[in-house]
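Small disclaimer: the values here were computed from a predicted structure and weren't measured. Count residues from 1 along the sequence.
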Amino acid sequence: MRTAEIKGEIKALTGLRIVAAVWVVLFHFRPMLSDISTDFRENLAPVLNCGAQGVDLFFILSGFVLTYNYLDRMGRSWSTRETLHFLWLRLARVWPVYLVTLHLAALLVILSLHVGHVPLPEANDLTAISYVRQVLLVQLWFEPFFDGTSWDGPAWSISAEWLAYLLFGGMALVIFRMKLATRARTLMWLAVAASLPPVVLLLSSGHFYTPWSWLPRIVTQFAAGALACAAVRRLRLTDRGRRVAGYLSLVLLAAVVGVLYWFNANPIGGVVENDSSGVVDVLFVPLVIALAVGIGSLPRLLSTRVMVYGGQISFCLYMVHELVHTSWGWAVEQFSLTPWQSDSPWKWNVLGLIAIALAISSLMYHFVEEPARRWMRRMVTVRPATAKAESANAKVHQIDGGLEAVSSRAV
């Protein structure tokens, strides 16, 4: 049987992004699910209450995808120019949506100060220093806890990822050499091991959320994703092996759900309620690897057009959903709405809010994220005017057949 190397876009991982994003969204919206049905929320509680783990999955995916795209370019030798180019392209990817949602969050807080009687508590955070830190993506770096660090709540993780991007140039040099010197199986085990520190801290402290716990989460999960990618780059699988990996990914997804329900019913001794399910992080690296190399089954589902499009707008959804959630929460207090009452017309509000968040995300993807990304990329890919003039001059000389054409091209 022939063996194959994984090339091109890994659509299953793009589709996985919308799964992770919706998991985080439902985590934040879960109180409103009780308005529809208390039993419905209780039955899904083991999964919903641990939706914050979707951020860890994002960190792993980020490390994997960036390594997949940039390892050969940045890992062979240090290049300051390539590193700065990489950082600019990452800014082009996240900064436009980040800045828009940052200012929308500020406008929402200002609106709450001047309309009605329920100002949002974030009003105390609207300071000049906070604004500069927010814009520069460093607001999290000065705080042991991420709660309250960002005007738009989910933005804390973008600040954490910006730190990982700054470290990626050095990380790529190490991962590239590890890939050359290490077998795929060993790299897989190293990737799993790299994802363990947050779980070890959980088991030792009894809490998943402790001072500065965000730092090992981003650094080790990002590194785990990078090592997982190095392992995938070393793999040469037959079609049969890739089908087996596809079925394994389905088993691993079922195991993720099973672990969440098991530890919800059987919490680990000495660990606070709901935090026991944090051990599910150990399954994320195997899941990502299986989806990256697998075919059929779950990879096929995640690679459908709908799921891939969902993955494309997932960053926008992640950044805007909390603005929708906060706006609704403010409106409930401001206008004394009662969505929890059985006869309330707002009973199904959560479905409408999710639909609104998805619609805004789609619009923001098409009218903010993609246009701004292309615009920022052109800043570092467009040729200088002098170079164009020299090129045109060279063509003129080339028509004359003189030696000037050669000298012009050399310049």
Inset, instruction - Please report the closest heavy-atom contact between Ala228 and Ala191, naming both atoms and the distance. - result: N-CB, 3.6 Å
Inset, instruction - Could you grab the distance from atom CZ of Arg183 to atom CG of Leu235, nearest 0.5 Å is fine? - result: 12.0 Å
Inset, instruction - Show the numbers, then the answer: is there a salt bridge (charged side-chain N to carboxylate O under 4.0 Å, His left out) between Arg93 and Glu369? - result: CA-CA 7 Å; Arg93 176 68 176 82; Glu369 182 178 341; 2.5 Å; yes
Inset, instruction - Taking all heavy atoms of Thr182 and all of Arg234, pick out the closest pair and write down the distance. - result: O-NH1, 2.9 Å
Inset, instruction - Give a yes or no on whether the ring-centroid distance for His28 and Tyr318 is below 6.0 angstrom. - result: no
Inset, instruction - Verify, without hydrogens or angle tests, whether Tyr98 (side chain) and Gln134 (backbone) share a donor-acceptor contact under 3.5 angstrom. - result: yes
Legend entry - Exam field: side chain Ser157 to backbone Pro154, donor-acceptor pair closer than 3.5 Å: yes
Inset, instruction - Please report the shortest heavy-atom distance between Thr210 and Ser205, naming the atom on each side. - result: CG2-OG, 3.7 Å
Inset, instruction - Before giving the answer on side-chain contact (heavy atoms from CB on, under 4.5 Å), spell out for Val100 and Met364 the whole-Å C-alpha distance, their side-chain angles and the decisive distance to 0.1 Å. - result: CA-CA 9 Å; Val100 169; Met364 190 168 290; 3.9 Å; yes
Inset, instruction - Find the distance between CG (Leu358) and CG (Leu363) and round it off to the nearest 0.5 Å. - result: 11.0 Å
Legend entry - Arg133 and Asp125: CA distance, side-chain angles, deciding distance, salt bridge (charged side-chain N to carboxylate O under 4.0 Å, His left out) verdict: CA-CA 11 Å; Arg133 290 177 176 176; Asp125 300 324; over 6 Å; no
Inset, instruction - Show your reasoning for whether side chain to side chain donor-acceptor pair (under 3.5 Å) applies to Gln312 and Thr14. - result: CA-CA 7 Å; Gln312 291 170 345; Thr14 303; over 6 Å; no
Inset, instruction - Please check if the side chain of Thr304 supplies one atom and the backbone of Leu301 the other of a donor-acceptor pair under 3.5 Å. - result: yes
Inset, instruction - Evaluate side-chain contact (heavy atoms from CB on, under 4.5 Å) for Ser195 paired with Asp281, printing each intermediate quantity in order. - result: CA-CA 7 Å; Ser195 70; Asp281 279 14; 5.9 Å; no
Inset, instruction - Could you give me the CA-CA distance, side-chain angles and deciding distance for Arg233 and Asp72, then say whether side-chain contact (heavy atoms from CB on, under 4.5 Å) is met? - result: CA-CA 11 Å; Arg233 295 283 297 273; Asp72 290 336; 2.6 Å; yes
Inset, instruction - Examine distances only and state if a side-chain atom of Glu122 and a backbone atom of Val109 form a donor-acceptor pair shorter than 3.5 Å. - result: no
Inset, instruction - Please report the shortest heavy-atom distance between Leu252 and Ala290, naming the atom on each side. - result: CD1-CB, 4.2 Å
Inset, instruction - Step through the shown structure and confirm whether more than 12 heavy atoms of other residues, nucleotides or ligands are within 6.0 Å of CZ on Phe367. - result: no
Legend entry - More than 12 heavy atoms of other groups within 6.0 Å of Ile129 CD1: no
Legend entry - Cation-aromatic face contact Arg305/Tyr309, 6.0 Å, 45 degrees: no
Legend entry - Sidechain-backbone polar pair: Ser314 side chain, Ile18 backbone, donor-acceptor under 3.5 Å: no
Inset, instruction - Apply side-chain contact (heavy atoms from CB on, under 4.5 Å) to Ile268 and Leu202, showing your working. - result: CA-CA 10 Å; Ile268 300 171; Leu202 163 66; 5.8 Å; no
Legend entry - Residue pair His321 / Ile354, side-chain heavy-atom distance below 4.5 Å: no
Inset, instruction - Using a 4.5 Å cut-off on heavy atoms from C-beta on, say whether the side chain of Leu140 contacts that of Ser150. - result: no
Inset, instruction - Enter the distance from Leu111:CG to Gln334:CD here, rounded to the nearest 0.5 Å. - result: 9.0 Å
Inset, instruction - Report yes if the side chains of Pro96 and Met376 come closer than 4.5 Å at any heavy-atom pair, otherwise no. - result: yes
Legend entry - Spacing of Leu66 atom CG and Ile175 atom CD1 [to the nearest 0.5 Å]: 12.5 Å
Inset, instruction - Kindly say whether the aromatic ring centers of Phe222 and Phe59 come within a distance under 6.0 Å. - result: no
Inset, instruction - Could you tell me whether the side chain of Trp330 and the main chain of Val118 form a donor-acceptor pair under 3.5 Å? - result: yes
Inset, instruction - Go through the side-chain N and O atoms of Trp78 and Thr80 and say whether any donor and acceptor fall under 3.5 Å apart. - result: yes
Legend entry - Any side-chain donor near an acceptor of the partner, Ser277 and Gln53, under 3.5 Å: no
Legend entry - Check: Arg177 side chain, Gly75 main-chain N or O, donor-acceptor pair, under 3.5 Å: yes
Inset, instruction - Answer yes or no: is there a side-chain heavy-atom contact under 4.5 Å between His207 and Asp275? - result: yes
Legend entry - Rounded distance (nearest 0.5 Å) linking atom CD of Gln221 with atom CZ of Phe284: 8.0 Å
Inset, instruction - Say whether, by atom type as modelled, one donor and one acceptor occur between the side chain of Thr67 and the main chain of Cys229 under 3.5 angstrom. - result: no
Inset, instruction - May I ask you to decide if the ring planes of Phe146 and Trp156 are parallel, tilted or perpendicular, using 30° and 60° as cut-offs? - result: parallel
Inset, instruction - Please name the pair of heavy atoms, one in Pro119 and one in Leu113, separated by the smallest distance, quoted to 0.1 Å. - result: CB-CD2, 3.7 Å
Legend entry - Side chain Trp375, main chain Glu370, donor-acceptor under 3.5 Å: no
Legend entry - Side-chain touch Leu137/Leu91, heavy atoms, less than 4.5 angstrom: yes
Inset, instruction - Measure the CG-OG distance between Leu173 and Ser77 for me, rounded to the nearest 0.5 Å. - result: 7.5 Å
Legend entry - Given Leu163, Val219, Thr149, the one that forms side-chain contact (heavy atoms from CB on, under 4.5 Å) with Trp214: Leu163
Inset, instruction - May I ask you to test the Trp151-His103 pair for a side-chain heavy-atom distance under 4.5 Å? - result: no
Inset, instruction - Please tell me if the side chains of Trp88 and Arg377 come closer than 4.5 Å, counting only heavy atoms from C-beta onward. - result: no
Inset, instruction - Apply the side-chain contact (heavy atoms from CB on, under 4.5 Å) test between Val279 and each candidate in Phe208, Phe263, Trp262; give the one that qualifies. - result: Phe263
Legend entry - Sidechain-backbone polar pair: Arg41 side chain, Leu33 backbone, donor-acceptor under 3.5 Å: no
Legend entry - No-hydrogen, no-angle side-chain donor-acceptor test under 3.5 Å, Glu161 and Ser62: yes
Legend entry - Where Arg217 and Ala52 come nearest, the two heavy atoms and their spacing: NH2-O, 3.6 Å
Legend entry - Phe315 vs Tyr365 side-chain heavy atoms within contact, under 4.5 Å: no
Legend entry - Whether over 12 other heavy atoms sit under 6.0 Å from Tyr261 OH: yes
